[in-house]
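I have placed the structure first, in the form of structure tokens, so that the comments after it can refer back to it.
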Amino acid sequence: DIEKHPNGLISEVFQNFAIQFNVSDREHFRKVWFQLSPTLKVRGLLGVHSWKQARPFIILRMGIHGNVDELLAERFIAKAIYEDLDANILILESLTSHAFLSTNQHVSFGGMDEGLQTFLILNELTNSQNSFKELITKTHLVALSLGGHGAFVTSILDQQNNQKISSVLDLCPLINLQKTFEKQVENQGFKA
């Protein structure tokens, strides 16, 4: 029906459910890599309104399989941050994304490594030698699902060190990784 009637009611309903947020504008959005060690690279999408005016800076940590090429589950959050809150944004991919898995030899699942990586990236962007620091009024952290597991770690590291993060928002965070994973495997009938 959508193909036959692209302007019909069903097509309109689907368009209303889809979040329209274009991140292909190279003037404002850039894919970036962070080389955290010789064998560790993390990819993100940096969205900057203006390279001359400071704004709030929000790091968005994606959920399981989250990658900046598709931006599926996190699109509505990214749109709200960038357009509605008028903030600059850094969207960081999950350690389970295709780009991370194909680029790095060490693979981990869950929050410890992801939280440490987010903390290191935050420190790199806000250190005194980095001119990007001048574009930041306050820093915030938002995470979704599996990304929330790492946000807990980032928050603890920040509290114990330099306290650069003004607020943390976890949406549907994964709290107990091992028990959750075991329960999901049990419910699906798979054996590890």
Side-chain angles (χ1 to χ4, degrees), residues 28-64 66-68 71 73-74 76-97 100 104 106 108-178 180:
H28 298 285
F29 293 95
R30 297 179 185 163
K31 289 182 183 170
V32 292
W33 283 96
F34 295 94
Q35 186 83 43
L36 300 180
S37 78
T39 59
L40 178 63
K41 288 172 70 173
V42 177
R43 188 169 73 149
L45 179 68
L46 181 63
V48 177
H49 288 277
S50 166
W51 293 94
K52 296 178 181 176
Q53 179 185 359
R55 285 182 163 79
F57 178 59
I58 301 176
I59 297 174
L60 171 59
R61 198 69 203 223
M62 301 178 88
I64 192 166
N67 68 80
V68 296
L71 200 62
E74 296 84 358
F76 78 99
I77 301 168
K79 180 184 186 304
I81 291 169
Y82 188 79
E83 291 183 355
D84 300 336
L85 298 177
D86 199 35
N88 293 329
I89 187 171
L90 173 63
I91 305 168
L92 293 175
E93 291 188 327
S94 171
L95 271 62
T96 58
S97 73
F100 186 87
N104 296 288
H106 174 72
S108 70
F109 187 81
M112 293 302 286
D113 286 348
E114 205 166 271
L116 178 59
Q117 292 166 14
T118 305
F119 178 73
L120 293 173
I121 291 168
L122 170 65
N123 283 333
E124 176 63 30
L125 291 173
T126 58
N127 79 30
S128 58
Q129 285 87 25
N130 195 328
S131 61
F132 188 79
K133 179 183 179 184
E134 303 305 316
L135 296 176
I136 301 171
T137 56
K138 286 188 176 184
T139 303
H140 308 275
L141 177 61
V142 176
L144 180 68
S145 190
L146 184 61
H149 198 240
F152 292 135
V153 175
T154 304
S155 178
I156 291 168
L157 290 170
D158 184 66
Q159 288 174 10
Q160 297 299 317
N161 290 281
N162 39 25
Q163 299 179 354
K164 293 180 181 180
I165 299 174
S166 298
S167 69
V168 178
L169 174 64
D170 271 347
L171 301 169
C172 195
L174 179 59
I175 303 296
N176 190 328
L177 178 62
Q178 184 172 348
T180 301

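Model, not experiment: these values are computed from the prediction.
Sorted by first and then second residue, the pairs that involve residues 29-54 and meet salt bridge (charged side-chain N to carboxylate O under 4.0 Å, His left out), not counting sequence neighbours, are K31-D69, R43-D69, R43-E93. Applying the ring-ring contact (aromatic ring centres under 6.0 Å, His included) definition to pairs two or more places apart or across chains, those involving residues 111-138 are F57-F132. Under the salt bridge (charged side-chain N to carboxylate O under 4.0 Å, His left out) criterion, no residue pair touches residues 116-145, with sequence neighbours excluded. Here side chain to side chain donor-acceptor pair (under 3.5 Å) pairs that include residues 164-175, with residues two or more places apart or in two chains, are N123-K164, T126-K164, H140-S167.
Under a 3.5 Å cut-off, the side chain of E114 and the backbone N or O of L95 do form a donor-acceptor pair.
Every residue two or more places apart in sequence or in another chain was checked for a ring pair (Phe, Tyr, Trp, His ring centres under 6.0 Å) with H28, and none qualifies. In this structure D86 satisfies the salt bridge (Lys or Arg N to Asp or Glu O under 4.0 Å) test together with R55, sequence neighbours excluded. Contacts of S37 classified as side-chain contact (heavy atoms from CB on, under 4.5 Å), with partners at least two apart in sequence or in another chain: T39, L40. In this structure I121 satisfies the side-chain contact (heavy atoms from CB on, under 4.5 Å) test together with F34, L36, V42, L90, L92, L125, sequence neighbours excluded. In this structure I175 satisfies the side-chain contact (heavy atoms from CB on, under 4.5 Å) test together with F152, P173, sequence neighbours excluded. For the side chain to side chain donor-acceptor pair (under 3.5 Å) test, residues two or more places apart in sequence or in another chain that qualify with S94 are T96. Among residues two or more places apart in sequence or in another chain, the side chain to side chain donor-acceptor pair (under 3.5 Å) test is passed with N67 by E70.
Here the shortest heavy-atom pairing between S97 and G66 reads CB-O, 3.2 Å. Here the closest non-hydrogen pair linking I165 and V168 is CG2-CG2, 3.8 Å. Considering every non-hydrogen atom in both A87 and I58, the closest pair reads CB-CD1, 3.9 Å. Counting all heavy atoms, side chain and backbone alike, P56 lies closest to T137 at N-OG1, 3.1 Å. Of all heavy-atom pairs spanning N130 and N127, the tightest one is N-OD1, 2.9 Å. Scanning all heavy atoms of the two residues, the minimum distance from N88 to H49 falls at OD1-N, 2.9 Å.
A heavy-atom distance below 4.5 Å is not found between the side chains of N161 and D158. With contacts defined as side-chain heavy-atom distances shorter than 4.5 Å, the pair T154/Q117 does not qualify. Between L46 and F29 the shortest side-chain heavy-atom distance does not fall below 4.5 Å. The shortest side-chain heavy-atom distance between V32 and L45 does not fall under the 4.5 Å cut-off. Put simply, the side chain of I77 reaches to within 4.5 Å of the side chain of L60, judged on heavy atoms. Residues L71 and M62 meet the side-chain proximity criterion, which asks for heavy atoms closer than 4.5 Å. Within the 4.5 Å cutoff, side-chain heavy atoms of T118 are placed close to those of L141.
Taking CD1 from I89 and NZ from K79, the interatomic distance works out to 12.0 Å, rounded to the nearest 0.5 Å.
Atom CD of Q160 has 12 or fewer heavy atoms from other residues, nucleotides or ligands within 6.0 Å.
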